[in-house]
Every structure is written in C-alpha cells, then in structure tokens.
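To start, the structure itself, in structure tokens.
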Number of protein chains: 2
Amino acid sequence: MGTKAGQTAVRADQIAAALRRGIRASEFVPGQRLPEVDLAERFGASRRAVRDALAQLAHEGLVERRSNIGASVRAISIPEAIENAEIRMLVETLCVTLAAERIDARGAAELRGIGRALQAAADLADVTAFAEATSALARACARLSGHGVAQDTLERLRVLNARHNFRVTSSPGWLAAALSRRMAQIEAICRGDPAAAAEALREHSFAVMAGLRALGAGKEDA
Amino acid sequence: MGTKAGQTAVRADQIAAALRRGIRASEFVPGQRLPEVDLAERFGASRRAVRDALAQLAHEGLVERRSNIGASVRAISIPEAIENAEIRMLVETLCVTLAAERIDARGAAELRGIGRALQAAADLADVTAFAEATSALARACARLSGHGVAQDTLERLRVLNARHNFRVTSSPGWLAAALSRRMAQIEAICRGDPAAAAEALREHSFAVMAGLRALGAGKEDA
DNA sequence: GCGCACCAGATTGTGCACAAGATCATGCAC
DNA sequence: GTGCATGATCTTGTGCACAATCTGGTGCGC
C-alpha cells in the first residue's frame, strides 16, 4: 500500500512519532495512562491532533483505547513478542530471498555501508546504535526486495516489540553473535545467494526468539 | 494485538464498516472521491464521525487521503494483489500448520461445518456465499492456530484484495477446483496432518496467484 | 460491619463555525 | 492562440464549548 500520504494532519503525525519515540524509550511505560489534555499541553498541540495521533497508535497496537476512559500504553507480553518475531521471520525471509535475487551494485554498497555501521556499533558496544543499524538493515532489505506489501507489513510489525528487542540485545555477548549473523546475511545477499541469505536470517530470528523466551523465563512482563 | 476495543467512536466504526462493504460491493469504485459532507449526509452522521472512519480506512489501505483535497477509494493493482496473496500464503501456511497441530473435536466440527457451507455454495454456484465461507474458513484457521499476531496480520491483509478475489472466483470452473482444495485443507487439519494442510493451502494460494496473473494479462486494472 | 445508591470529578465524544489550502475556470497580456 | 496571474468555489483542517459517560469515593440504610 505504499507510503501513506497526508494521513490526517501533519501535526497528528508529528505527535504520533513523538509518542512512538517516547514509548520506545520507556518514557511512557506500559499501562501508563495518556490523557488527551496532558499530551496536548505537553506537545503544544490541540486536543484534536492528539486524539488523531492516539487513534493512529491504537491502530498500530501501541496504545489501547477505551470509550470514555482514555488511552494507555499497551503492554506487549513476551509470548506476543515471540509471535511477532515469528511472523517477521516469515516475511523477512521472503524479503532477503528476493533481495538476493535482485541485488545490484548500488544496493550492495548500501547494505555494506549498513554492515560497517553495525561493526562500528558493536565495537563501541553501543546497543542503541546497533539497534538503529539493524532497523536500517531490515528496511533496506524490505525495500531492495521490491515487495511493497512485505515492506508495509514489516513496518507495521517492527514498532511493536522495540522494547523487548532492546532487552534481548542488551544481554551479554549478544552483539558479537548478532553481528556475525548479520554480516553473513549481508554478504549472502550481496553475492546473490538467496538460500544462504534466508538461512542467515532464519538463524538470527531463532536466536531472537530464544532470547525472548529466556527473558520470559526470567521475569514476566505482562 | 488482540481485538480493538472502542477504538474511537462507535459511530465511526459503523461508518467504516459500511464503507468497507460498499467498496467490496463495488458500490464505490476505485478512484471515486469520498467527500466528507456527502458521506455524512448519506449515513446521517456528523462530519467528524465520517472523518474518523476515513482515517481508519486510510490506515487499512482501502482509501487514500490527501491534505486539503480529500479521500478517494484506492485502486489496488493486480501486482499488489499478488504480493498481498503471497504474504497471506506465508502467514496462513503457519496458521493451518499450527491449527493441525492443535486441533480438537470442537474445532474439527467447526471446520467441517464451514466445509459443508462451501459445498452448498459450490453446488448452487453462489460465488458470494462461497467467498463468505472461504473468509470464514480463513478466520477459523487463524483463530484455531492460537497465533494472535498472525490472526491480526491476516485480518488486515484480507480486506485489501476482496475485489480482485471476487473476479478470480468468478472465472469458469474455479469453484469446483477451489472446493476440492479447501476440502483437502480442512480434512488435513481435522486429522492433525500439518504437512498436508500446509500443502493444500499452498496449492490453493498458487492457484489464486495464477488467477490474478491471468486477470492482469487480460486487462489492467490500475 | 456490609451493601447499595448516589454524587462529584475527570475524561472522552461531538457538533458547530470559521480558517486554511488546493483546484479549476476566467480573463488579461502578449 | 498561448501562457500566466487571479479569484471563486469546494473541500478539508481545527479550535472551542458543551454533552455523554465512566470511575472512585461517600453516606445512608440495614
């Protein structure tokens, strides 16, 4: 479905983006209520814009709304995060396969650039930068696959488990292991080897799901 | 992300549902403009409710909105419908696999009931009833899989290519072929055979995609 | 002490009126 | 006849005020 144009108002999109960032950064914690007037004051916008932004986020699954009661940050359980990763694996496997089949010099250069960013982030043990580069890699693969629906579907699923992913990525030794798998994925795509690219991705996805399960075993989140 | 509660207003949801039906029934054709005031008058609602409904549909990809210009029914191209079917195949394959692994007597009875509805619709050559039963089957499989994210993802993808699917289903001989594949899928799930269920589904999905390609070869839609 | 009705507060839901922006037709200059 | 500036008209965008509804606490009755 391509990129959404001027969905509602420009202002509402800005507020939605700010809220997304806030939720991802745990500035707003799961269960926290989000009264429209408070957000309106905080962002210097009208209640209507906030309202539209909340509707958007509710549709994405980031917040929960109840009639005449209000919006609150939705708690995403570990099992749901695992389900999410499972669906993402299916779609991303398709993406990297297609990307490997269609790769050109320009695309390969882009992927290798992201690979260098991953390497740099891992060297510095910068979890946030690594997460950003990982996100960039996923987006690039989706775009290079030329599969619009896959791209949109992934975009929608990505926002949901940012919080949990951060916790998995923070576990000791994760960055090094993730880096090697991501590099294998990038190189496989660049040399036009769909099977190897898919395998590298699947390997990483399973590791993510295992990490999420370990998280769930240690402490329940919702 | 479970079921969305009182997303915005009750009224807005009703209007959105009515618009979805209208678009599916080609009452509103692709490209047709949807001025807020006209819809408000038509549904006897306020402009605000219509506005919220349009925002919802825009997020689903059914309508396109441009700032200060208005909303219009989005044209879904054949290539996009094929991409859509491709992603659905991936997720539905997971669903029927899980459903076959977890099937119980109650679920089997439900699926066989849908099977009878399919048979009846095919006997009467009732394309609409067949489409409805097919939709019910997809929903049942998603629910019986116990995979919430897959269920939501499919729900979202389903609304998009209802129009094209109708055209494919209307082609001569389709109902009989589809019926036999669907019955194979149902029986495989009911006897707890994940591999066979997945295979039946994949077979059907490929037939749908081939049908869509044939449609595209005959006449472009967008 | 317990349960229920009721009231106060807070929060969302919505109609109305006006402002802002874009499209299209018109008319003028060249 | 062609190109461009200009204004009319339509459509969406938004602030404001009030209505509807839910929640939590309080007081009365038993």
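We use all heavy atoms of the structure for the numbers below, so side chains are in, but hydrogens, waters and symmetry mates are not. Chain letters run A, B, ... following the sequence lines, proteins first, then strands; residues in each count from 1. Model, not experiment: these values are computed from the prediction.
Between the CZ atom of A:Arg65 and the P atom of D:dT21 there is a distance of 17 Å, rounded to whole Å. Here the P atom of nucleotide C:dT12 and the CG atom of A:Leu54 are 8 Å apart, to the nearest Å. Straight-line distance from the CD1 atom of A:Ile15 to the P atom of D:dG13: 15 Å, rounded to whole Å. When rounded to the nearest whole Å, the span between CG of A:Asp38 and C1' of C:dT11 equals 10 Å. Atom CG of A:Asn68 is separated from atom C1' of D:dA20 by 7 Å (rounded to the nearest Å). One interatomic measurement links the two molecules: CD of A:Glu36 to P of D:dT14, which rounds to 15 Å at whole-angstrom precision. Rounded to a whole Å, the CD atom of B:Gln14 is 10 Å from the P atom of C:dT14. Between the C1' atom of D:dT12 and the CZ atom of B:Arg66 lies a distance of 13 Å, rounded to the nearest Å.
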Could you go through nucleotides 16-19 of chain C and list every protein N or O atom that sits under 3.5 Å from one of its N or O atoms, giving the distance for each pair?
from   : atom 1 : to      : atom 2 : distance (Å)
C:dC16 : N4     : B:Arg48 : NH2    : 3.4

Considering only nitrogen or oxygen atoms on both sides, find all protein atoms under 3.5 Å from nucleotides 5-10 of chain D and state each distance.
none

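Applying the side-chain contact (heavy atoms from CB on, under 4.5 Å) rule to B:Ala210 yields no partners; only residues at least two apart in sequence or on another chain are considered. B:Ala99 pairs by the side-chain contact (heavy atoms from CB on, under 4.5 Å) definition with B:Leu144, B:Ile189, not counting sequence neighbours. For A:Ser26, the side chain to side chain donor-acceptor pair (under 3.5 Å) partners at least two apart in sequence or on another chain are A:Arg163. With sequence neighbours excluded, no residue satisfies side-chain contact (heavy atoms from CB on, under 4.5 Å) with A:Ala25. By the side chain to side chain donor-acceptor pair (under 3.5 Å) test, B:Gln151 is found to be paired with no residue, residues two or more places apart in sequence or in another chain being considered.
Under the salt bridge (charged side-chain N to carboxylate O under 4.0 Å, His left out) rule, A:Arg74 has a single partner from A:Glu80, A:Glu64, A:Glu60, which is A:Glu80.
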Sequence neighbours left out, cut at 3.5 Å: what donor-acceptor pairs do the side chains of residues 86-95 of chain B make with other protein atoms?
from    : atom 1 : to       : atom 2 : distance (Å)
B:Glu86 : OE1    : A:His147 : NE2    : 3.0
B:Thr93 : OG1    : B:Met89  : O      : 2.6

Please list every donor-acceptor pair under 3.5 Å in which a side-chain atom of residues 38-46 of chain B meets a protein atom from a residue at least two apart or in another chain.
from    : atom 1 : to      : atom 2 : distance (Å)
B:Arg42 : NH2    : B:Glu27 : OE2    : 2.3
B:Ser46 : OG     : B:Arg48 : N      : 3.4
B:Ser46 : OG     : B:Ala49 : N      : 3.3

Can you give each donor-acceptor pair under 3.5 Å made by side-chain atoms of residues 124-134 of chain B, sequence neighbours left out, with the distance rounded to 0.1 Å?
from     : atom 1 : to       : atom 2 : distance (Å)
B:Asp126 : OD1    : B:Thr128 : N      : 3.2
B:Asp126 : OD1    : B:Ala129 : N      : 3.0
B:Thr134 : OG1    : B:Phe130 : O      : 2.8

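Counting heavy-atom neighbours within 6.0 Å of B:Arg202 CZ, excluding the residue itself, gives a total of 12 or less.
If one axis is set at each end of the helix from C:dG1-D:dC30 to C:dC30-D:dG1 from five pairs, those axes are 0° apart, to 10°.
You'll find that the side chain of A:Ile69 is closest to D:dT23, out of D:dT23, D:dG15, C:dA22. The nucleotide whose nearest atom lies closest to any side-chain atom of A:Ser67 is, among C:dT11, C:dG13, C:dA20, C:dG13.
Sorted by first and then second residue, the pairs that involve residues 139-151 of chain A and meet salt bridge (charged side-chain N to carboxylate O under 4.0 Å, His left out), not counting sequence neighbours, are A:Glu110-A:Arg143, A:Arg139-A:Glu155.
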